[in-house]
Enquirer: 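Please read through the structure below; I'll follow up with questions.
A, B, ... follow the sequence lines: proteins, then strands. Residue 1 opens every chain.
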Amino acid sequence: MAKAQPVRGTHDLLPDDFAAHREVISVARQTAATFGYREMATPIFEFTDVFARSMGETSDVVSKEMYSFDDRGGESITLRPEYTAAICRAFISNGLQQNVPFRAFGAGPMFRYERPQKGRQRQFHQIDIEIIGAPEPAADVEVISVGAEILNRLNVLHKTVLHLNTLGDPESRDGYRAALVAYFNDHRDKLSEDSLGRLSRNPLRILDSKDEGDRRIVEHAPLFGDYLNQQSQDFFGTVLFGLDTLGIAYELNPRLVRGLDYYTHTAFEFVTDALGAQGAVIAGGRYDGLIGQLGGPATPGIGWAGGIERLAMLSGATGEAPRPIALIPIGEAAETEALKIGQALRRDGFIVDQAFRGNLGKRMKRADKLNAAAALIFGDDELAKGVVQVRDLTTGDQSEVSLDGITRALAGHEGSRA
RNA sequence: GCGGGUGUAGCUCAGUCGGUUAGAGCGCCAGAUUGUGGCUCUGGAGGUCGCCGGUUCAAUUCCGGUCACUCGCCCCA
């Protein structure tokens with residue numbers, strides 16, 4: 001092991017990475033804001049129970065992927081593996097049922113102990129929106145359309161496909177699940193080992209198995225459509241109609257199921273094939289039972305989470321450092337004057353770079369390397385006249401400008417403001 | 001958690017059929033050019049060849065283990 005190695009599955013976000021990261025967040029934040037979602041944050045850790053009860057003890061995340069530990073007071077604490085349960089807990093804790101429908105946007109780190117891959121890290125970051133207290137299918141349409149609009153503004157919508165399915169209401173889902181379990185039990189001798197495990201934990205997942213043998217059995221498995229009650233069908237129909245109205249394209253995918261217990265009705269994923277095996281960039285669904293399971297008043301909800309790293313990769317966003325204004329004093333008196341000029345320019349919003357050492361040539365090279373938009377050059381001669389040389393480093397044009405005219409002379413460099 | 005690939009300078013990569021001082025391009029530093037950047041030229045710094053162990057007179061090279069990344073499974077964002 002090399003020295004100073006980061007923990008497996010964690011990554012540093014250096015300034016360029018961070019700029020791309022922040023771009024995803026700010027596009028999402030702005031887009032969500034236009035729909036009335038307000039940003040909030042919850043703690044990065046919660047009582048383990050918050051996730052164990054909501055996501056289901058048998059889910060992969062809870063059973064083997066959580067960063068859980070006992071704190072010094074003996075409480076079992078877990079670094080959040082997802083945002084939804086935490087926001088729902090906050091909804092209950094703060095008595096927000098007065099405020100429904102409650103729309104929230106959040107962004108931050110999540111933690112799962114998984115085997116790292118491209119697009120899969122142990123600390124990763126998500127953007128997340130939730131709408132709580134809206135049982136109407138219009139909320140499903142809205143939440144999906146927020147996601148589509150964010151992808152659109154990030155210029156990646158065309159690289160994704162929206163997969164859509166319904167899990168129905170609890171009655172439909174339980175009925176289907178029972179039928180599936182009965183069917184697969186009759187064929188358990190032919191199921192893969194993975195699927196035998198799924199049979200007890202989450203039989204719906206067998207539908208999505210990639211195993212050849214499993215697929216042959218799945219072909220003749222009962223269909224969800226036959227178990228959806230009228231209400232669930234109507235609900236889903238309304239969602240589809242809304243998406244059609246908005247011109248949001250989707251593919252119905254009856255194999256799209258969720259690994260977490262709390263989902264009902266609409267389940268969806270924006271998937272890309274451009275990132276290898278980790279193709280879901282935004283995924284979510286309706287969770288009408290979740291808040292009740294957490295001990296709150298029965299309240300429906302729907303939302304999604306998007307992987308910031310995956311979105312940043314997909315958009316190809318690369319952070320670019322802004323172009324500063326370089327201050328290049330020559331001589332001691334000018335160094336002193338430079339402090340004052342720099343202060344004034346910064347108060348005016350400019351990004352100002354001041355080298356701490358070097359002669360004129362050195363500092364010009366540095367200014368060039370920083371991709372500075374302009375250099376302000378001044379020595380004793382200029383100070384005596386109360387001027388500075390303003391050199392445009394793109395064009396090479398240079399002119400003498402009086403001290404109180406610097407801001408005006410930099411008018412063409414709005415891109416150099418922070 | 002399971003199976004495969006990879007690991008040589010800050011970055012991208014050559015190379016060593018086991019043998020003396022391990023290379024290139026880019027980048028970095030300095031000089032040509034002590035009041036004017038980009039181009040060019042010259043010079044320089046920078047490597048425990050991922051780590052630990054084994055075999056060997058000798059290992060960066062072969063073998064084992066390990067760590068990290070990566071591809072697929074699993075799971076998901």
Side-chain angles (χ1 to χ4, degrees), chain A residues 1-11 14 24 55 59-65 80-84 107-128 147 160 192-195 197-198 201-202 205 208-211 214 256-260 267-272 275-284 303-314 326 328-331 334 355 358-382 388-398:
Chain A
M1 172 188 333
K3 64 278 174 185
Q5 188 173 45
V7 172
R8 184 177 201 194
T10 66
H11 293 286
L14 299 178
V24 171
M55 301 172 86
S59 69
D60 277 43
V61 171
V62 172
S63 61
K64 51 193 189 197
E65 295 178 0
R80 64 185 182 199
E82 62 130 25
Y83 225 150
T84 303
M110 306 292 154
F111 306 86
R112 293 184 196 174
Y113 190 86
E114 292 189 277
R115 178 141 176 187
Q117 261 183 47
K118 181 177 175 186
R120 191 167 78 182
Q121 301 162 211
R122 289 183 174 181
Q123 177 180 334
F124 60 105
H125 300 80
Q126 290 185 329
I127 50 176
D128 182 285
T160 68
S192 69
E193 208 173 306
D194 275 339
S195 287
R198 292 174 177 122
R201 289 197 318 271
N202 193 342
R205 289 222 76 94
D208 205 23
S209 175
K210 285 167 189 151
D211 182 87
D214 287 351
L256 174 61
V257 293
R258 310 265 67 172
L260 307 182
F268 60 92
E269 284 180 6
F270 287 91
V271 180
T272 178
L275 297 179
Q278 312 303 323
V281 291
I282 283 181
W304 54 250
I308 295 174
E309 286 87 352
R310 291 182 187 179
L311 287 166
M313 272 193 283
L314 194 59
I328 306 191
I330 306 153
N359 57 29
L360 176 53
K362 280 270 180 294
R363 295 194 195 207
M364 285 298 287
K365 274 187 185 159
R366 175 186 164 83
D368 187 60
K369 203 166 66 182
L370 288 172
N371 194 26
L376 305 188
I377 305 162
F378 47 99
D380 293 341
D381 296 351
E382 283 78 9
V388 300
Q389 306 288 341
V390 176
R391 185 178 180 86
D392 185 306
L393 292 177
T394 309
T395 63
D397 295 341
Q398 184 166 322

Enquirer: Distance check needed: B:rG38 P versus A:D397 CG, whole Å only.
Expert: 18 Å
Enquirer: If we ignore hydrogens and angles and just use 3.5 Å, is the side chain of A:D397 paired with the main-chain N or O of A:D392 as donor and acceptor?
Expert: no
Enquirer: Considering only atom C1', compute the distance from B:rG27 to B:rG38 and round it to an integer number of Å.
Expert: 16 Å
Enquirer: Using the C1' atom as the reference point in each nucleotide, state the distance between B:rG25 and B:rG15 in Å, no decimals.
Expert: 15 Å
Enquirer: Distances under 3.5 Å only, N/O to N/O: pair up the protein atoms with those of nucleotides 45-47 of chain B.
Expert:
none

Enquirer: My understanding is that only residues two or more places apart in sequence, or in another chain, count here; which of them pass side-chain hydrogen bond (donor to acceptor under 3.5 Å, both in side chains) with A:R112?
Expert: none
Enquirer: Select base, sugar-phosphate, or nothing to describe what A:E309 touches, counting heavy atoms under 4.0 Å on all strands.
Expert: nothing
Enquirer: If the P atom of B:rG18 is compared with that of B:rA59, how far apart are they to the nearest Å?
Expert: 13 Å
Enquirer: Please determine whether any donor N or O and acceptor N or O are separated by less than 3.5 Å between the side chain of A:R391 and the base of B:rG37.
Expert: yes
Enquirer: Under 4.0 Å, heavy atoms only, any strand: does A:E193 hit a base, just the sugar-phosphate, or nothing?
Expert: nothing
Enquirer: Check salt bridge (Lys or Arg N to Asp or Glu O under 4.0 Å) between A:R80 and all other residues, then give those that pass, not counting sequence neighbours.
Expert: none
Enquirer: Send over the distance from A:F270 CZ to B:rA77 P, rounded to a whole Å.
Expert: 14 Å
Enquirer: If I take atom CZ from residue A:R201 and atom CG from residue A:D60, how far apart are they, to the nearest 0.5 angstrom?
Expert: 5.5 Å
Enquirer: Testing the basics here: between A:D214 and A:S209, what is the closest heavy-atom pair and its distance to 0.1 Å?
Expert: OD2-OG, 2.8 Å
Enquirer: Check whether any side-chain heavy atom of A:L393 lies under 4.5 Å from a side-chain heavy atom of A:M364, and answer yes or no.
Expert: yes
Enquirer: Classify the nucleic acid contact of A:D380 as base, sugar-phosphate or nothing, counting any heavy atom under 4.0 Å across all strands shown.
Expert: base
Enquirer: So how far is it from A:S192 OG to A:R198 CZ, rounded to the nearest 0.5 Å?
Expert: 6.0 Å
Enquirer: Per the atom types in the model, does the base of B:rU36 pair as donor or acceptor with the side chain of A:Q389 at under 3.5 Å?
Expert: no
Enquirer: Taking atom P in both B:rU16 and B:rC62, compute the distance separating them and give it to the nearest angstrom.
Expert: 11 Å
Enquirer: Hunt down the Watson-Crick or G-U wobble partner of B:rA30, both distances under 3.5 Å, from any strand shown, or write none.
Expert: B:rU42
Enquirer: Quick one: A:M364 CE to B:rG37 C1', roughly how many Å, whole number?
Expert: 4 Å
Enquirer: Mind calculating the distance between CE (A:M313) and P (B:rA77) to the nearest angstrom?
Expert: 15 Å
Enquirer: Both A:Y113 and A:A280 contact RNA chain B. Taking the nearest nucleotide for each, which residue is further toward the 5' end?
Expert: A:Y113
Enquirer: Please tabulate, one pair per line, all N/O donor-acceptor pairs under 3.5 Å involving side-chain atoms of residues 119-127 of chain A, not counting sequence neighbours.
Expert:
from	atom 1	to	atom 2	distance (Å)
A:R120	NE	A:R115	O	2.8
A:R120	NH2	A:R115	O	2.7
A:Q121	NE2	A:Q123	O	3.0
A:R122	NE	A:E114	O	2.7
A:R122	NH2	A:E114	O	3.3
A:Q123	NE2	A:H125	NE2	3.3
A:H125	ND1	A:E309	OE2	2.7

Enquirer: Please check if the side chain of A:R391 supplies one atom and the backbone of A:Q398 the other of a donor-acceptor pair under 3.5 Å.
Expert: no
Enquirer: Kindly indicate whether the side chain of A:E82, heavy atoms from C-beta on, has any atom under 4.5 Å from the side chain of A:V61.
Expert: no
Enquirer: Each nucleotide in nucleotides 68-74 of chain B should get exactly one letter: B, S or -. Can you fill that in based on protein heavy atoms under 4.0 Å?
Expert: SSBSBBB
Enquirer: Look for any protein N or O under 3.5 Å of an N or O in nucleotides 29-34 of chain B and output each such pair with its distance, or none.
Expert:
from	atom 1	to	atom 2	distance (Å)
B:rC29	OP1	A:K369	NZ	3.3
B:rG31	OP2	A:K362	NZ	2.7

Enquirer: Find the distance A:W304:CH2 to B:rA77:P and express it as a whole number of Å.
Expert: 12 Å
Enquirer: If I pick the C1' atom on B:rG10 and the same atom on B:rG47, what distance separates them, to the nearest angstrom?
Expert: 12 Å
